[in-house]
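Take a look at the structure set out below.
In what follows, every chain begins at residue 1, and chains take the letters A, B, ... in the order their sequences are listed. Just the heavy atoms: all of them, side chains too, but no hydrogens, waters or symmetry mates, feed the values below.
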Amino acid sequence: MPKKLPLFTKKLIIWYLHNKRDLPWRGKNDPYFIWLSEIILQQTRVAQGLPYYLKFTKAFPTIKDLAMATEAEVLKLWQGLGYYSRARNLHHTAKYIHSELNGRFPPDFKGLLKLKGVGDYTASAIASICYNEPTAVVDGNVYRVLSRVLGIDLPINSSSGIRVFKELAQLYLDPEQPGTYNQAIMEFGARYCVPKNPECGTCIFKEECVAFNTNSVSELPVKLKKAAVRKRHFNYLVILSEDDKTILNQRTKKGIWQQLYEFPLIETSEELAIESLLSHRDFQSFSKKFEIASVTLYNEQPVVHKLSHQHLITKFWIVETNTIACDGTPISSIKEYAVPVLIENFISDFPAI
DNA sequence: CAGGCGTGGGC
DNA sequence: TGCCCAAGCCT
């Protein structure tokens, strides 16, 4: 005997069946494609992730194809999408599943959760969509919809909030069609119960939504503030050598843009004028290896590249040298390297490259 | 477990 | 412009 569903659940699923978008991973239940789409969509809007999903499924039609690729190929394809640890974990997990699990995904939530890059949300999504396992997802959309409809002002980034919203999501889940329910509540949050100025007047939950009926939609969900953004000053040395080469370094330390490439970087606590650059310790050691002909500032106004947690105030210095840079990178092959958007924007804008 | 991790869009 | 937010995860 099926359990009686809450009215919320029924209305939500009916809304979804009439309003869902036709997305390429919808209607599939192959865990490879669902996993791939879920990793791409972590903290990422559909509009931004969709072209990457198409690129990846074309380049790697099976998990074996992904496992056989190099990390450099995967990162290059991921370039521009951000949160690059997702790409490294994706590749790591593909290789692991291919070689250790005979190409088959773990068959349940618990097993999926052990995969690198797969947390509570992603394991729930794959388990519910691919295996019909009744595990509720809790993402930003779920927090927003539940906090408003139920009128809950518990901070969503507190440990108690995380626990309570997970329990509520599970309570309203349709155990007969968990995948449909999970996608329905996320789609509703993404398309109707949006963060700012939702159209509450025509909402299907107008009658029962606590936030709407107490005029507190704009106050929910509650989120505790995080630390302020940090400012960093980046000085990139764009080397142009006699033999049309430049220098690219790979960022190997932990921190932003791990494994991606960039020009030689001098980071300082304050903005640098040309005199300070020329006398800087790192520049001095650089000039011992190269015969420097000229140094000019490319952008008079520093480029401010904004990450979610830091602002990178950036100057690009064009350094012409008379040196034959035998271990340099040919300028013509720069585009083969995975670089951050900050660097990609410079390259696109710079005539000599 | 608080902080780190990208980029782009909306208002 | 500045700030928030987005189909979160890792350490």
Side-chain angles (χ1 to χ4, degrees), chain A residues 16 20-21 23 25-26 33-53 75 78-90 92-93 112-126 128-129 136-145 155-163 165-166 169 179 181-191 193-198 218 220-230 232 251 253-260 262 304-312 338-345:
Chain A
Y16 175 67
K20 65 178 175 182
R21 287 167 290 183
L23 299 170
W25 50 85
R26 290 246 163 99
F33 293 108
I34 299 304
W35 167 70
L36 180 59
S37 71
E38 293 298 344
I39 300 297
I40 287 174
L41 292 175
Q42 286 169 4
Q43 293 287 282
T44 305
R45 293 168 190 280
V46 168
Q48 190 186 1
L50 182 54
Y52 287 83
Y53 177 83
L75 278 171
W78 196 274
Q79 177 180 311
L81 194 53
Y83 285 141
Y84 297 96
S85 66
R86 289 185 294 170
R88 301 194 308 271
N89 290 334
L90 183 84
H92 173 95
T93 294
L112 290 164
L113 196 54
K114 294 196 174 85
L115 299 174
K116 198 166 283 189
V118 174
D120 192 287
Y121 163 78
T122 305
S124 300
I126 300 172
S128 63
I129 294 169
V137 297
V138 182
D139 73 334
N141 294 304
V142 176
Y143 282 126
R144 195 165 54 250
V145 173
I156 61 172
N157 54 347
S158 65
S159 49
S160 60
I162 291 169
R163 186 181 67 251
F165 279 100
K166 177 77 183 179
Y181 168 84
N182 278 336
Q183 294 183 82
I185 191 167
M186 290 191 286
E187 186 89 342
F188 186 76
R191 310 245 304 160
C193 194
V194 292
K196 289 186 179 175
N197 306 319
S218 62
L220 294 172
V222 173
K223 197 174 190 175
L224 299 174
K225 293 219 184 290
K226 293 215 170 185
V229 299
R230 181 163 66 109
R232 305 171 71 179
R251 292 182 70 96
K253 295 179 192 161
K254 64 175 184 176
I256 59 172
W257 303 330
Q258 201 180 333
Q259 306 300 98
L260 271 62
E262 64 184 358
V304 182
H305 188 75
K306 295 177 178 180
L307 310 183
S308 56
H309 39 287
Q310 38 188 295
H311 288 0
L312 311 178
V339 299
V341 165
L342 175 62
I343 301 296
E344 177 65 29
N345 286 347

Just wondering, do Leu41(A) and Met186(A) contact through their side chains at under 4.5 Å, heavy atoms? no
Any side-chain to backbone donor/acceptor pair from Lys196(A) onto Ser218(A)? Under 3.5 Å, distance only. no
Return yes if a side-chain donor-acceptor contact under 3.5 Å exists between Gln183(A) and Arg26(A), otherwise no. yes
DNA chain B: Asn157(A) or Asn197(A), which has the more 5' nearest nucleotide? Asn157(A)
Nucleotide dC5(C), atom C1' - distance to CG of Leu41(A) in whole Å: 15 Å
Closest to the Arg45(A) side chain: dT7(B), dA7(C), dC5(C)? dC5(C)
Round to a whole Å and report the spacing from CG of Asn182(A) to P of dG8(C). 13 Å
Hey, does Gly255(A) reach any base, or is it just sugar-phosphate, or nothing, if we go heavy atoms under 4.0 Å? sugar-phosphate
Measuring only the P atom in each nucleotide, how far is dA2(B) from dA7(C)? A whole number of Å is fine. 23 Å
NA contact type, Gly80(A), heavy-atom cut-off 4.0 Å: base, sugar-phosphate, or nothing? sugar-phosphate
Could you run down the sub-3.5 Å N/O contacts of the protein with nucleotides 9-11 of chain C?
residue : atom : partner   : partner atom : Å
dC9(C)  : OP1  : Gly119(A) : N            : 2.7
dC9(C)  : OP1  : Gly119(A) : O            : 3.4
dC9(C)  : OP1  : Thr122(A) : N            : 3.0
dC9(C)  : OP1  : Thr122(A) : OG1          : 2.7
dC9(C)  : OP2  : Tyr121(A) : N            : 3.3
dC10(C) : OP1  : Gly117(A) : N            : 2.5

State which of dC5(C), dA7(C), dC5(B) makes the closest approach to the side chain of Met186(A). dA7(C)
For nucleotides dT7(B) and dG3(B), find the distance between their P atoms and express it as a whole number of Å. 23 Å
Donor-acceptor pair, Gln79(A) side chain versus Val339(A) backbone, under 3.5 Å? yes
For Trp35(A) and dA7(C), is the shortest distance between a side-chain N/O and OP1 or OP2 below 4.0 Å? no
Taking only nitrogen or oxygen atoms into account, show me every contact under 3.5 Å that the protein makes with nucleotides 2-4 of chain C, one pair per line with its distance.
residue : atom : partner   : partner atom : Å
dC4(C)  : OP1  : Lys225(A) : NZ           : 3.2

Flag for Gln259(A)-Arg88(A): side-chain donor and acceptor within less than 3.5 Å: no
Reported CG-to-CG distance for the pair Leu75(A) and Leu260(A), which is rounded to 0.5 angstrom: 6.0 Å
May I ask you to say what Arg232(A) touches in the nucleic acid, namely base, sugar-phosphate or nothing, with a heavy-atom cut-off under 4.0 Å? nothing
Is there side-chain contact between Trp25(A) and Leu50(A), with at least one heavy-atom pair below 4.5 Å? yes
Whole angstrom value for the distance that separates P of dC5(B) from OH of Tyr84(A): 13 Å
Reckon His305(A) has a side-chain N or O less than 4.0 Å from the OP1 or OP2 of dT7(B)? yes
What's the CG-C1' distance between Leu260(A) and dG6(B), to the nearest Å? 10 Å
Heavy-atom pair with the smallest gap, counting every atom of Asn182(A) and Ser124(A): ND2-O, 4.2 Å
Interatomic distance, Ile162(A) CD1 vs dC1(B) P [rounded to whole Å]: 9 Å
Over all strands shown, is Ala190(A) touching base, sugar-phosphate only, or nothing at heavy-atom distances under 4.0 angstrom? sugar-phosphate
Nucleotide dG6(B), atom P - distance to CZ of Arg251(A) in whole Å: 9 Å
Determine the contact category for Leu81(A): base if any of its heavy atoms lies under 4.0 Å from a base atom, sugar-phosphate if only primed atoms, P, OP1 or OP2 are that close, otherwise nothing. base
By nearest heavy atom, map Val138(A) and Lys223(A) onto DNA chain C; which one lands nearer the 5' end? Lys223(A)
Please check this pair: side chain of Glu187(A) against backbone of Arg21(A), looking for a donor-acceptor N/O pair closer than 3.5 Å. yes
Which of the following nucleotides, dA7(C), dC5(B), dG8(B), is nearest to the side chain of Gln48(A)? dG8(B)
dG4(B) and dG8(B): how far apart are their P atoms, nearest whole angstrom? 22 Å
Spacing between Leu36(A) atom CG and dA7(C) atom C1', to the nearest angstrom: 13 Å
Side-chain N or O of Tyr83(A) closer than 4.0 Å to phosphate OP1/OP2 of dG4(B): no
Nearest-angstrom distance from the residue atom CG of Leu224(A) to C1' of dG3(B): 14 Å
Whether the side chain of Arg86(A) engages the backbone of Ile40(A) through a donor-acceptor N/O pair (distance < 3.5 Å, no angle test) should be reported. yes
Tell me which nucleotide among dA7(C), dG8(C), dC5(C) gets nearest to the side chain of Gln43(A). dG8(C)
Test of understanding: with ring-ring contact (aromatic ring centres under 6.0 Å, His included), list the residues that count as partners of Tyr52(A), not counting sequence neighbours. none
If you look at every strand shown and take non-hydrogen atoms under 4.0 Å, does Thr44(A) touch a base, only sugar-phosphate, or nothing? base
Given Gln42(A) and Tyr121(A), is the side-chain hydrogen bond (donor to acceptor under 3.5 Å, both in side chains) satisfied, shown in steps? CA-CA 9 Å; Gln42(A) 286 169 4; Tyr121(A) 163 78; over 6 Å; no
Distance between the P atoms of dG6(B) and dT11(C), in whole angstroms? 14 Å
So what does Trp78(A) hit on the nucleic acid, given a heavy-atom distance under 4.0 Å: a base, only sugar-phosphate, or nothing? nothing
